[in-house]
Number of protein chains: 2
Amino acid sequence: MFKRKLGNQDIFTPGEEDALHEATLRVLEESGVEIVSSRAREHFQRAGIEVDGNRVHPGQDDLEKFLAKAPESFEIKARNEANNIRVGGNNTVFVPGYGAPFVMDYEGVRRNSTFADYRNFTKLTQCSDNLDVVGGVLVEPNDVPDRIRHARMFSAAIKLSDKCFMGSSMGRKKARETLDMAAILFGSKKYVADNVVLITLINANSPLQLDVRMTDALEVYAENGQALCLASMSMSGTTAPATIPATLVQQNAEVLTGILLAQIINPGCPVIYGSASSLLDLRGADMALGSPETAKMFNGTAQLARRYDLPVRGGGALTDSLFPDAQGGYEAMMNIFSAIKSGFNFMLHSAGLLENYMAMSYEKFVIDDEILGMIGNYASGLEVNEDTIAEEVINEVGPGGNYITHDHTFSHMEDLRTPNLSSRRKYSSEKDQPIARERAYQKRQEILEDFEAPDLPAGIVEELKNYINDLESRSGI
Amino acid sequence: MFKRKLGNQDIFTPGEEDALHEATLRVLEESGVEIVSSRAREHFQRAGIEVDGNRVHPGQDDLEKFLAKAPESFEIKARNEANNIRVGGNNTVFVPGYGAPFVMDYEGVRRNSTFADYRNFTKLTQCSDNLDVVGGVLVEPNDVPDRIRHARMFSAAIKLSDKCFMGSSMGRKKARETLDMAAILFGSKKYVADNVVLITLINANSPLQLDVRMTDALEVYAENGQALCLASMSMSGTTAPATIPATLVQQNAEVLTGILLAQIINPGCPVIYGSASSLLDLRGADMALGSPETAKMFNGTAQLARRYDLPVRGGGALTDSLFPDAQGGYEAMMNIFSAIKSGFNFMLHSAGLLENYMAMSYEKFVIDDEILGMIGNYASGLEVNEDTIAEEVINEVGPGGNYITHDHTFSHMEDLRTPNLSSRRKYSSEKDQPIARERAYQKRQEILEDFEAPDLPAGIVEELKNYINDLESRSGI
């Protein structure tokens, strides 16, 4: 978890921001948002919000009333309290890639991802100085049956990591099972009821729709006071308009409606204003996540969320590159840099992804982790005080002098951030000089070979095993 | 030349900025700046500034009086007026790498750079959509004798490019010869006297010293009303203190003193507040240009320059990487991104460098050029108007709809920036899928093979040739 000292980047003038907000109100009034589940629609009705057929139409007063109930920041508890995180304010939490169906291997061949990959990426996350959250769909374990995939993933995350957890949002049943398992880990249902120990992703079905599976999961998490990231993941030109301001308006309508539902169900429920919206290069129907327009969309998303005093999710080490090459490096850096300047509080997809959201790469994961460390350091700003201004030192050394042997230099020798991956070596024609991708491969091999799981009481391991066995036998696996 | 629409990044609070300014005043009072040339010291004396031995001690009143004479922005004329640039305000001008003694070749072997390389990098600069200035020491032509190197480089720049020029600052004589050649190109000494057609770099000799060669060249350029970039190129821990705020204080004292000299010699002379200061990783005595601390130093430099309403130079696609790999990509992007957010107006070293300032790489040049295009696009912000907000389009499409076939989508199909190097292709196990470094190699080969020099009247070519022949015979080459 990093604290940002530098200010946030607004991309819109106050007048432009107002225009987007007001357009959102008019879209909510005219189109509204379709809520497919009648049960979810009833919540809106009960709260006095206009419901017309399948569509809800929150007005300005509704937004003001219910958005005010959402906390500006909240804490998620890890099983190791040193890993607790606070989401909101000037904190930024980095979360690894999510949902890729493939792994791009070191040789440049793409293959289906497996549960072994899932476990490996969990280990890499646990060992990272920069990443704070495990348990999401770090990579899709294609070799585990869908019915118990969420449980096997969560169980692996619990055993391999003591950081904060993401939980399944794949409908009501899987959400409840995730909560059951959290109660096993944290010792009681009461602890889970009293603390935020899970965060899940609830994505709108753009344009302007929330489907049953998502509102069902939302209901379970909200009722249990667990954290929800309400996100739009529209794509400009297909599920969103082709222009960024319009995409932000549509996204705003979707996200605010989802947040309202959470606040109606459980006022004060911790929520995040989220965006995973992306741009399509319409000329070739290719994703363009590494485009500078993506970096601008980040700024716009965060500016709108700030207007409503909500923690905000967006960003990530996104790239269109197929490999952890220079393009993979510069696109990931552009997006992480823009994201931190946007002021995102929760940054999913911060490590490992290649080919937009399609593939995870071990080497890219290590590269991105280095980028996160760099940008976290950058955002922490500079200490300005008598010692760092060091006016007397300057006068003492004077014109033509040298600082090498000065005590002040000696006392600041360790100030500079030490890289984990980047090399500062000079060129030598004699020595082997591996490129970043080769060094990243070495690094990930070392981490995985040296990995030791944090202690977990044998009783919990046993109980989790029984719980999953029970799920498996009930689903005939 | 890019116009930045997004705001600048301040890294210091107003109070911290004041503290750095005031520390600068006290350093100028106590230590002062050593001016080695007695002739240059006389200028200060004549202007009523305190001179004590070899040192000058400008006070607050002196700073206020002479800094006010420097223009907030100025135009540099190119021989093709479509390539004129304005330095200052919210413009950013990108300038390629400068001064590297080596070329890192495609195979990863470093060799001495040559005049042929110099010509090639001039061609790449001329063909770039993002770079604005040629004629500097793009790469050191080690195979040309030092005495006429500046003239051969400048002559090559004139023949291969019609963009703006940097000129030699290697002492009085070479500065004058550069002005002679500019007069040949632009048709008369009068045109050169009446217009800014050259910009040169004047670097302080840190700590707190301006040497004879530099003040001599400064005098020639200032007397002729040509543009000067006064820069500090100190290195923390050796020629500057080990902390960034202190390095900025010392740099401030050096740069402001240089600018004062230019304004004393020729009030209103176009100047840039410059920094090429860098950080040393003191643990291994390695340059750390790719460190996040470099990105912070950029912010601080630009904030101080803004205080004095001066155009500011800094930044660049700097990296410690030896190769155009992922590290080369992410470090260059971090530094260019931070530099554009800093609000730099003149960005030397924007393309081609590897291994800090040691080597130029053709592939890195093409990669950096792509980064410049991306960041230029990013900094241009977003257009917000009725068409881009497109509220009616959102309402028309409505929940569950699709934008693909909408006219609005069609009319914005070409909005997204088209990459020059980055690939958005999907993975295929069948097709050849080159990495960025391979694509950059292809690209530079194409540019160099297709290169056509802009027209230049035969008379000018002849006159330049005679001028250089004359220089050569006079120096016995």
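As the structure is a computational prediction, the values presented were derived from the model and not from experiment. Naming convention: chains lettered A, B, ... in sequence-line order (proteins, then strands); numbering from 1 in each chain.
- Taken from CG in L382(A) to CG in L248(B), the straight-line distance is 7.5 Å, to the nearest 0.5 Å.
- Under the 4.5 Å side-chain criterion, counting only non-hydrogen atoms from C-beta, P241(A) is in contact with I394(B).
- Heavy atoms closer than 4.5 Å to chain B are found in both the backbone and the side chain of N377(A).
- Here E16(B) is the residue among M297(B), E370(B), E16(B) with the most heavy-atom pairs under 4.5 Å with chain A.
- Annotation: maximal heavy-atom pairing with chain A below 4.5 Å, among G329(B), G373(B), P207(B), occurs at P207(B).
- Contact annotation for F410(A): neither backbone nor side-chain heavy atoms come within less than 4.5 Å of a heavy atom of chain B.
- Within a 6.0 Å sphere centred on CD of E22(B), heavy atoms belonging to other residues, nucleotides or ligands number more than 12.
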*Apply the test side chain to side chain contact (heavy atoms under 4.5 Å, CB included) to residues L416(A) and L282(B): give CA-CA distance (whole Å), side-chain angles for both, the deciding distance (0.1 Å), then the verdict.*
CA-CA 8 Å; L416(A) 216 62; L282(B) 292 161; over 6 Å; no
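- For P324(A), the part lying under 4.5 angstrom from a heavy atom of chain B is the backbone only.
- Only the side chain of L322(A) comes within contact range of chain B, with heavy atoms under 4.5 Å apart.
- Only the backbone of L280(B) comes within contact range of chain A, with heavy atoms under 4.5 Å apart.
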_As a quick check of understanding, evaluate side-chain hydrogen bond (donor to acceptor under 3.5 Å, both in side chains) for R424(B) and S291(A), giving each step before the final call._
CA-CA 10 Å; R424(B) 294 171 178 160; S291(A) 66; 4.6 Å; no
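- For E363(B), no part sits under 4.5 Å from any heavy atom of chain A, backbone or side chain.
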*Between D368(A) and Y330(B), does a side-chain hydrogen bond (donor to acceptor under 3.5 Å, both in side chains) hold up when you go through it step by step?*
CA-CA 9 Å; D368(A) 290 340; Y330(B) 65 67; over 6 Å; no
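- Note on G237(B), A23(B), A242(B): by heavy-atom pairs under 4.5 Å with chain A, the leading option is G237(B).
- The CG atom of L279(A) lies 13.5 Å from the CZ atom of R417(B); values are rounded to the nearest 0.5 Å.
- Both the backbone and the side chain of T418(A) come within less than 4.5 Å of a heavy atom of chain B.
- Between L20(B) and I389(A), some side-chain heavy-atom pair lies under the 4.5 Å cut-off.
- In this structure, no portion of V393(A) lies under 4.5 Å from any heavy atom of chain B.
- Contact annotation: the side chain of L6(A) approaches that of N299(B) to within less than 4.5 Å [non-hydrogen atoms, C-beta and beyond].
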*Run the numbers on S236(A) and Y403(B) for side-chain hydrogen bond (donor to acceptor under 3.5 Å, both in side chains), then give the verdict.*
CA-CA 8 Å; S236(A) 69; Y403(B) 290 87; over 6 Å; no
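- The candidate with the highest count of non-hydrogen atom pairs below 4.5 Å against chain B, out of R439(A), K5(A), E391(A), H408(A), is E391(A).
- A donor-acceptor pair under 3.5 Å is formed between the side chain of Q327(A) and the backbone N or O of S423(B).
- By number of non-hydrogen pairs under 4.5 angstrom with chain B, the leading residue of P419(A), S338(A), G15(A), A359(A) is S338(A).
- Taking NE2 of H406(A) as the reference point, atom OG1 of T238(B) lies at 14.0 Å (rounded to 0.5 Å).
- Residues G32(A) and P399(B) approach most closely at O-CG, 3.8 Å, considering heavy atoms.
- When each of E30(A), E355(A), R110(A), H412(A) is scored by its heavy-atom pairs under 4.5 Å with chain B, the top score falls to R110(A).
- Crowding of Q433(B) atom CD: a count of heavy atoms from other residues, nucleotides or ligands under 6.0 Å exceeding 12.
- Within the 4.5 Å cutoff, the side chain of T388(B) has no heavy atoms near those of the I244(A) side chain.
- In terms of heavy-atom pairs under 4.5 angstrom with chain B, the leader among K364(A), Q250(A), M104(A), M235(A) is Q250(A).
- Of the listed residues G398(B), A390(B), A440(B), the one with more heavy-atom pairs under 4.5 angstrom with chain A than any other is G398(B).
- Only the side chain of F323(A) has a heavy atom closer than 4.5 Å to any heavy atom of chain B.
- Heavy-atom pairs under 4.5 Å with chain B were tallied for E34(A), E383(A), E293(A); the largest tally goes to E293(A).
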*side chain to side chain contact (heavy atoms under 4.5 Å, CB included) assessment of F337(B) paired with M334(A)*: CA-CA 7 Å; F337(B) 202 130; M334(A) 176 192 71; 3.9 Å; yes
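- Each of A288(A), S380(A), S321(A), A379(A) has some count of heavy-atom pairs under 4.5 Å with chain B, and the biggest count is that of A288(A).
- By number of non-hydrogen pairs under 4.5 angstrom with chain A, the leading residue of T247(B), T243(B), T24(B) is T243(B).
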*What do the steps show when you test M287(A) against K426(B) for side chain to side chain contact (heavy atoms under 4.5 Å, CB included), and what is the final call?*
CA-CA 9 Å; M287(A) 292 279 268; K426(B) 294 160 189 77; over 6 Å; no
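- In this structure, the portion of I371(B) lying under 4.5 Å from any heavy atom of chain A is its side chain and not its backbone.
- For S429(A), no part lies under 4.5 angstrom from a heavy atom of chain B.
- Put simply, of E396(B), E392(B), R55(B), the one with the most heavy-atom pairs under 4.5 Å next to chain A is R55(B).
- For A332(A), no part lies near chain B; criterion is any non-hydrogen pair under 4.5 Å.
- Interface remark: A285(A) contributes backbone atoms only to the contact with chain B (heavy atom separation under 4.5 Å).
- Contacts between E414(A) and chain B at a heavy-atom distance below 4.5 Å involve backbone atoms as well as side-chain atoms.
- For the atom pair E331(A) CD and M333(B) CE, the distance stands at 7.5 Å (nearest 0.5 Å).
- At a 4.5 Å heavy-atom cutoff, the contact between D415(B) and chain A is made by backbone and side-chain atoms alike.
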*Please report the C-alpha distance between L208(A) and V397(B) in whole Å, then the side-chain angles of each, then the deciding distance to 0.1 Å, and finally whether the side chain to side chain contact (heavy atoms under 4.5 Å, CB included) criterion is met.*
CA-CA 10 Å; L208(A) 300 171; V397(B) 170; over 6 Å; no
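- Counting only heavy atoms from C-beta outward, the side chains of Y427(A) and M358(B) never approach each other to under 4.5 Å.
- For a residue to count as touching a neighbouring chain, one of its non-hydrogen atoms must lie under 4.5 Å from one of that chain's; by this rule R425(A) touches chain B with the backbone only.
- Using a 4.5 Å cut-off between heavy atoms, R437(A) touches chain B through its side chain atoms alone.
- Of the atoms belonging to K341(A), it is side-chain heavy atoms, and not backbone ones, that fall under 4.5 Å from chain B.
- Of the two parts of S411(B), neither the backbone nor the side chain holds a non-hydrogen atom closer than 4.5 Å to a non-hydrogen atom of chain A.
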